[in-house]
Amino acid sequence: MPELPEVEVTCQGLAPLITKFVKAVVIRNYSLRWPIPIDLPIILEGQQLLELKRRAKYILARFTKGTLILHLGMSGRLCIMPKGSKPKKHDHVDFVFSDEAVILRYTDPRRFGSILWTKDNPLEHRLLKKLGPEPLEKEFDAEYLECKLKNKKQCIKSSIMDAHNVVGVGNIYASEALFNAGIKPQRKSGQLTRKELQLIVTSIKDIISKAILKGGSTMNDFFDVNGENGYFQNEHKVYGREGKNCYECQSIILQSTLGQRSSFFCNQCQK
DNA sequence: CTGTAGACCTGGAGGC
DNA sequence: TGCCTCCAGGTCTACA
């Protein structure tokens with residue numbers, strides 16, 4: 001499910017919970033990508049949610065005594081539900097807030113997500129410390145990318161999906177951004193010109209900001225915290241369109257596997 | 001250090 | 001129906 005725009009939309013949707021106090025945490029399955037801290041219910045009880053931020057695809061929920069670090073993995077979802085609604089098979093965690101008619105429920109069929117706790121600065125956590133810049137920040141520009149990808153033999157699609165270079169570019173938006181930039185995904189990163197890198201940077205910023213405005217992509221199962229669909233999936237120009245005609249030039253969209261992930265491109269529009 | 005393959009896990013789609 | 005294989009939004013870890 002979630003690429004960066006989906007995580008951002010989720011994070012924004014949780015804002016009404018800021019200032020609320022945790023009454024209880026109900027954990028039905030501790031086994032996510034990493035085990036949920038066994039004492040999380042004890043830790044969180046009585047704490048106030050002070051702030052919600054996003055870094056890469058992590059949601060950082062700062063409480064009185066520390067920060068909850070949430071990652072949705074491939075299939076995770078956070079939904080605001082009415083109190084008392086029956087948990088389904090993959091509803092692993094409920095966060096219950098005092099004096100509220102709703103709970104925050106974490107659902108994740110594949111359990112690739114994570115829910116961690118830190119008393120320290122979450123940005124210094126081992127999972128966040130080495131992350132590259134946010135795509136929408138100024139720091140992420142052609143000069144930076146050129147420096148980072150110099151002499152790299154890796155293909156450009158794998159490079160832009162590598163969170164050490166830039167965060168938040170997942171498999172869908174990597175294909176889309178490279179189509180937008182007119183660059184084939186299999187090109188070697190180190191051989192791209194400054195001008196081409198500039199096109200890639202601009203396309204990534206463009207695609208990601210548009211997707212956030214549209215409320216994220218709905219593949220099979222993305223809904224925002226209130227269960228509403230995003231709309232960006234209607235705007236995919238190459239992702240999932242193999243064998244169909246390119247909207248720009250009518251030639252057939254191709255699919256190939258790069259870095260073990262399926263990639264989509266137009267052989268005509270992308271050089 | 002660099003690049004890639006494997007791992008984690010469940011469910012849905014399609015073939016027979 | 002049922003069984004089998006393949007595929008899926010992420011990303012850490014081990015290994016060559």
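Please read these numbers as outputs of a predicted model, since none were measured by experiment. Here is how names work: the chains are called A, B, and so on, in the same order as the sequence lines, proteins then strands, and each is numbered from 1.
OP1 or OP2 of C:dA8 lies within a sub-4.0 Å distance of a side-chain N or O belonging to A:S262. Using a 4.0 Å cut-off, no side-chain N or O of A:R110 falls inside it from OP1 or OP2 of B:dC8. The phosphate of C:dG10 has neither OP1 nor OP2 within less than 4.0 Å of any side-chain N or O from A:Y58. Checking the phosphate oxygens (OP1, OP2) of B:dG11, a side-chain nitrogen or oxygen of A:H90 falls inside 4.0 Å. One finds a side-chain N or O of A:K57 lying less than 4.0 angstrom from the OP1 or OP2 phosphate oxygen of C:dG10.
Between the CZ atom of A:R261 and the P atom of C:dC12 there is a distance of 13 Å, rounded to whole Å. Taking atom NZ of A:K152 as the reference point, atom P of B:dT2 lies 4 Å away to the nearest angstrom. Between the C1' atom of C:dG9 and the CZ atom of A:R111 lies a distance of 18 Å, rounded to the nearest Å. Separating the CE atom of A:M74 from the P atom of B:dG12 is a distance of 16 Å, rounded to the nearest angstrom. If you measure from atom NZ of A:K89 to atom C1' of B:dT10, you get 8 Å, rounded to the nearest angstrom. The separation between A:E242 atom CD and B:dA13 atom P is 16 Å, rounded to whole Å. A:E3 has its CD atom 12 Å from the C1' atom of C:dA8, to the nearest Å. For the pair A:E8 CD and C:dG9 C1', the computed distance is 17 Å after rounding to whole Å.
Across all strands, A:Q260 comes closer than 4.0 Å to base atoms (heavy-atom distances). Here A:R33 lies in heavy-atom contact (under 4.0 Å) with a base. Residue A:S158 is classed as having no contact, given no heavy-atom separation below 4.0 Å to the nucleic acid.
Interatomic distance, A:C147 SG to A:D141 CG, rounded to the nearest 0.5 Å: 10.5 Å. For the atom pair A:C11 SG and A:K57 NZ, the distance stands at 15.0 Å (nearest 0.5 Å).
Stacking is not found between A:F112 and the pyrimidine-like six-membered ring of the C:dT11 base under the 5.5 Å centre-distance and 30° plane-angle cut-offs.
For A:Q154, whose side chain is taken as the heavy atoms from C-beta onward, the closest listed nucleotide among C:dT13, C:dA8, B:dT4 is B:dT4.
With A:E3 contributing its side chain and A:I172 its backbone, the two residues share a donor-acceptor pair below 3.5 Å. Judged by distance alone, the side chain of A:E124 and the main-chain N or O of A:K129 form no donor-acceptor pair under 3.5 Å.
Taking the nucleotide of DNA chain C with the nearest heavy atom to each of A:H164 and A:N171, the more 5' of the two is matched to A:N171.
Under the Watson-Crick or G-U wobble criterion, with both distances below 3.5 Å, B:dA7 is paired with C:dT11.
Aromatic ring pairs are classed by plane angle as parallel below 30°, tilted from 30° to 60° and perpendicular above 60°; the pair A:W117 and A:F63 is tilted.
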